[in-house]
Number of protein chains: 2
Amino acid sequence: MLSICEAVGMPPSTGLRARMRAELTGEIKDEARRQLAAEGAPGLSLRAVTRSLGMASSAIYRYFPSRDDLLTALIVDAYDAIGAAAEEADASCSPGDYGGRWRAVGLAIRAWAVAHPHEYALVYGSPVPGYRAPEDTVGPASRVTFVLARMVDEASRDGALLESAEGLGLPALDVAVLDESRRLADLAFPHASDEVVVRAVIAWTQLFGMISFELFGHFHSVIEFVEPVFERSLLETGRMVGFPPPRRGPQEGGGADGGAGRGTGGGPGGADGSDGRTEADDERFYLI
Amino acid sequence: MLSICEAVGMPPSTGLRARMRAELTGEIKDEARRQLAAEGAPGLSLRAVTRSLGMASSAIYRYFPSRDDLLTALIVDAYDAIGAAAEEADASCSPGDYGGRWRAVGLAIRAWAVAHPHEYALVYGSPVPGYRAPEDTVGPASRVTFVLARMVDEASRDGALLESAEGLGLPALDVAVLDESRRLADLAFPHASDEVVVRAVIAWTQLFGMISFELFGHFHSVIEFVEPVFERSLLETGRMVGFPPPRRGPQEGGGADGGAGRGTGGGPGGADGSDGRTEADDERFYLI
DNA sequence: CATCAACAAGAGCAGTGATCACACAAAGGA
DNA sequence: TCCTTTGTGTGATCACTGCTCTTGTTGATG
């Protein structure tokens, strides 16, 4: 019964038919992404997508067996885009400038999130119940994480981390925490100490926690212009991890949008330092 | 046309009819909460709720004008429950033990979130597009936030904050950051310094960022037992804010579930220190 | 008692995800 | 070249959703 190119395994890829298929698949994803940006994930309708593409409603199931599969594809793309933005920002820095790299990558991730709020929400917001994340997502998902982890590990390896606050009144790590940090060290931090691994996790969760709070509206009537506060928090968490402060240089924005595929989200208010979000964005993707 | 008790303003409240109304409203919310816990927010169906309650599908609109209104009610309840859990945990501590209070409140918030993952996601996950948060939510929403802010401010007022890491290589606050921290200080931190306000925001976002990462599956294959790491992060962020370390005492759990209404989410694995989440929970509310 | 508002019920509308049988065209071996 | 296989587009159809409208009933209040 099921075949569809050996169950979505794609045929030899060459051939007129395969080209059409790849193209249409891309068009479907593009249109879906457009609707995602306009209405959010719950408002993404397969029928609306096919309607926009001028095809029968049942035709889309030849390309995506279910709505969840379409969402999965969008999730994978979003993860990849965030990862690419982070990697590009990291690469644009002097490798030894760990503080600058942390700052640049953090700013790039936030810039991408602000430019693509619904895709960010799709990935870092509440998971869709009943939808079990397939293995396809874990690879792209770890891309950003790995950029951050590598940064910490390289700094550890080079002895560039300031062991500033260590032993400043805090007790030694609990044995249960040690278990986790050891396992994590084997996974991505071969050179970092246990304390540094734990602090990296803290900085990591703070980074995304702050972005989520901003995009999900929890700063409503708390913080008006998030960017400067966000940048300050990068400084503070960077120091907590032990990074030396960013070197002064021609940074300013640290890779900005990252340029991962789609643009910065529209001209108005783009890089004037205000916030990146337009009024219209606020109108639709708002605050809880 | 529209009346429904002066547009859901409720009548004199007494009277047999009003009692029935209040009771049915509660039953609807309970059943909705049950479905929310089982299927998540997108799976919450008004028709299914009425079906479970043995009433006509159209009857529910007498109580909640739309699906969004039902969700709003659940959101308000969730905010209140989190706020109550945090307040209770805070109250159970010695007022001068700021480190202990920070720890207890953080643990209580996480315990509530782990026990009610879907309600947490409803409130701290991606907002529902097209749904504009009504003013009803901002009051309950600020309840938890205020518990945390008050803690920081009282510690500042009492001079209990260790100015440990201040000036440790970080430049002075940017003027844009100062604007925000000043506005925030007027709002909730009358006694705290600008640096402390900013660090409180960082600790706040880290707290919820870590909980969200845990519940939304971003620790999958990264951290197995989150609780000890979470507790360590409370220690670390507490020190960043300047809290003195928690006093040793009969704490252990720091208010635990908070007891805000519904129970801890089921017996198995409740308080054995493992994690609080059952296998069944993981099966349905999972990882992205 | 009479009146009016709140209520419950059912039919119905437009929309959704998903499945099916059917017709057609490309691909590839005989 | 024919002919089979396979992927593709179509329309009908199902079960379901949120929501509205109309109809009839019942409680509260003058």
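Below, chain A is the first sequence line, B the second, and so on; all start at residue 1.
- Atom-to-atom, CZ of B:Phe64 to C1' of D:dT20 comes out at 19 Å; the value is rounded to the nearest Å.
- Atom CZ of B:Arg47 is separated from atom C1' of C:dG15 by 12 Å (rounded to the nearest Å).
- Between B:Met20 atom CE and D:dG27 atom C1' there is a gap of 11 Å when expressed in whole angstrom units.
- Counting any heavy atom pair closer than 4.0 Å across all strands shown, B:Leu24 reaches sugar-phosphate atoms only and no base atom.
- Nucleotide C:dA27 holds its C1' atom 15 Å from the CZ atom of A:Arg21, rounded to whole Å.
- Residue contacts for B:Ile60: at a heavy-atom cut-off of 4.0 Å it reaches no nucleic acid atom on any strand shown.
- Across C:dA21, D:dG18, C:dA9, the shortest atom-to-atom separation from the side chain of A:Arg62 is found for C:dA21.
- Residue B:Ser45 places at least one side-chain N or O under 4.0 Å from the OP1 or OP2 atom of D:dG18.
- C:dA27 atom P lies 12 Å from atom CZ of A:Arg19, rounded to whole Å.
- Residues A:Tyr120 and B:Ser126 have side chains that never bring a donor and an acceptor to within less than 3.5 angstrom of each other.
- There is no side-chain donor-acceptor pair under 3.5 Å between A:Thr50 and A:Ser57.
- Of the candidate nucleotides C:dA6, D:dC19, D:dT8, D:dC19 has the atom lying nearest to any side-chain atom of B:Ser66.
- Distances were taken from every side-chain heavy atom of B:Leu46 (C-beta onward) to each of D:dT17, D:dC19, C:dG17; the shortest belongs to D:dC19.
- Of all heavy-atom pairs between A:Val144 and A:Ala86, the closest is CG1-CB, 3.8 Å.
- The residue A:Met55 sits close only to the backbone: its heavy atoms come under 4.0 Å of sugar-phosphate atoms, none of a base.
- Among the atoms of the strands shown, none is found under 4.0 Å from any heavy atom of A:Leu53.
- When distances run from any side-chain atom of B:Ser57 to the nucleotides C:dA18, D:dC19, C:dA25, the shortest one goes to D:dC19.
- Remark: the B:Asp69 side chain and the B:Ser66 side chain contain an N/O donor-acceptor pair separated by less than 3.5 Å.
- Rounding to whole angstrom units, CZ of residue B:Arg51 and P of C:dG10 are separated by 14 Å.
- Among the nucleotides C:dA18, D:dC19, C:dA25, the one closest to the side chain of B:Tyr61 is D:dC19.
- What separates CG of A:Leu71 from C1' of C:dG17 is a distance of 12 Å, to the nearest Å.
- The listed nucleotides are D:dG11, D:dG9, D:dT17; the one nearest the side chain of A:Ser58 is D:dG11.
- When the P atom of D:dG18 is taken as reference, atom CG of B:Leu70 falls 10 Å away, rounded to whole Å.
- Not a single donor-acceptor pair, N or O on each side, falls under 3.5 Å between the base of D:dG18 and the side chain of B:Arg67.
- For the pair B:Glu224/B:Phe219, no side-chain contact is recorded, criterion being any heavy-atom separation below 4.5 Å from C-beta on.
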